[in-house]
Amino acid sequence: MTPDASAPGAARPDLTAPSLRRRMACWLYEGMLMFGVVFIAGYLFSALTQQRHALDNRHPLQAFLFVVFGIYFTWFWHKGQTLAQKTWNIRVVDAQGRPIGQWRALWRYVLSWLWLLPPLALSAVLGTSGGELTVLLMGWVLVYALLSRFHAQRQFLHDALAGTRLVHHAQAPAPKRARKGLKA
């Protein structure tokens with residue numbers, strides 16, 4: 001039987017947000033891991049559509065990648081954490097510290113595009129070059145990350161809107177096995 005978190009004296013889950021530095025390191029690591037997802041999904045897309053040139057079917061490829069990313073993040077967040085989050089001991093939970101469902105994970109994925117859409121939209125309106133877009137993206141990511149310092153629980157805006165939170169999740173140490181066959 002599991003103890004009820006609302007019962008007096010019951011242990012409450014630690015809902016402390018990881019430091020901004022750890023969350024951003026996890027964010028960068030997640031970006032590196034996504035290169036593999038993009039490579040495999042892009043290869044699959046180009047093989048299925050018999051794409052001959054990298055710019056052929058660019059918008060359908062972007063839509064396909066949006067769906068693949070959605071499946072990736074929804075699946076792992078529903079399970080609690082992505083590989084990058086597991087590496088950095090970060091877990092996604094709801095406001096009460098419980099695991100999130102698939103719909104909430106999907107909603108968090110859609111809202112997480114707040115990291116990128118504002119500078120991309122501004123770039124499209126202003127017609128900026130690649131270098132200017134890079135500066136806009138880096139500036140916005142910095143501002144967006146720093147905005148979490150003003151949230152009461154230090155959560156990102158998309159987490160606050162989705163009803164989720166990132167929490168520190170230290171894994172329990174594995175039990176030590178007794179060595180067999182060794183004599184003192």
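Both backbone and side-chain heavy atoms feed into the values below; hydrogens, waters and symmetry mates do not.
- At least one donor-acceptor pair under 3.5 Å links the side chain of Arg23 to the backbone N or O of Pro18.
- Counting heavy atoms from C-beta on, the side chains of Tyr72 and Thr82 come closer than 4.5 Å.
- Here the side chains of Leu166 and Phe156 are in contact, with some heavy-atom distance below 4.5 Å.
- Not a single donor-acceptor pair under 3.5 Å links the side chain of Arg165 to the backbone N or O of Asp94.
- The two residues Ala105 and Thr74 make their nearest non-hydrogen contact at CB-O, 3.7 Å.
- In the hydrophobic cluster analysis, where Ile, Leu, Val, Met, Phe, Trp and Tyr join through side-chain heavy atoms closer than 4.5 angstrom, Val125 is grouped apart from Trp140.
- Both Phe150 and Tyr144 are members of a single hydrophobic cluster when ILVMFWY side chains are connected at heavy-atom separations under 4.5 Å.
- Note that the CD1 atom of Ile90 and the NE2 atom of His168 stand 9.5 Å from one another [nearest 0.5 Å].
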**Report entry** side-chain contact (heavy atoms from CB on, under 4.5 Å) assessment of Gln153 paired with Leu15
**Finding:** CA-CA 9 Å; Gln153 287 86 33; Leu15 299 179; over 6 Å; no

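- Atom OG1 of Thr87 and atom CG of Leu33 lie 7.5 Å apart (nearest 0.5 Å).
- One distance of note links SG of Cys26 with NZ of Lys86; it measures 12.5 Å at 0.5 Å rounding.
- Residues Ile40 and Phe35 do not share a hydrophobic cluster, defined by chaining ILVMFWY side chains whose heavy atoms lie under 4.5 Å apart.
- Looking at Phe76, Tyr29, Trp77 one by one, the single match for side chain to side chain contact (heavy atoms under 4.5 Å, CB included) with Gln85 turns out to be Trp77.
- In this structure, the separation between OG on Ser112 and CG on Leu161 is 11.5 Å, given to the nearest 0.5 Å.
- Between the CE atom of Met138 and the CG atom of Leu133 there is a distance of 11.0 Å, given to the nearest 0.5 Å.
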Requested in this report: Carefully, step by step, assess Leu61 and Asn57 under the rule side-chain contact (heavy atoms from CB on, under 4.5 Å).
Outcome: CA-CA 6 Å; Leu61 173 60; Asn57 300 322; 5.5 Å; no

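- Under the 4.5 Å side-chain contact rule for hydrophobic residues, Leu117 and Trp107 share a cluster.
- Applying the ring pair (Phe, Tyr, Trp, His ring centres under 6.0 Å) test to Trp27 and every residue at least two apart in sequence or in another chain returns Trp115.
- Formation of a donor-acceptor pair under 3.5 Å by the Arg108 side chain with backbone atoms of Phe73 is not found in this model.
- Within the 3.5 Å criterion, the main-chain N or O of Gly42 finds a donor-acceptor partner in the side chain of Ser46.
- Taken together through direct or relayed side-chain contacts under 4.5 Å among Ile, Leu, Val, Met, Phe, Trp and Tyr, Met34 and Leu28 form part of one hydrophobic cluster.
- Judged purely by atom type and a 3.5 angstrom limit, His78 uses its side chain to pair as donor or acceptor with the backbone of Ile100.
- When atom types are taken as modelled, the side chain of Arg104 and the backbone of Thr164 share no donor-acceptor pair closer than 3.5 angstrom.
- A search for ring pair (Phe, Tyr, Trp, His ring centres under 6.0 Å) contacts involving Phe66 returns Tyr109, Trp113, not counting sequence neighbours.
- For the atom pair CG (Leu116) and CG (Leu136), the distance works out to 12.0 Å, reported to the nearest 0.5 Å.
- Of all heavy-atom pairs between Arg149 and Leu20, the closest is CD-CD2, 4.0 Å.
- With Gln51 contributing its side chain and Asp56 its backbone, the two residues share a donor-acceptor pair below 3.5 Å.
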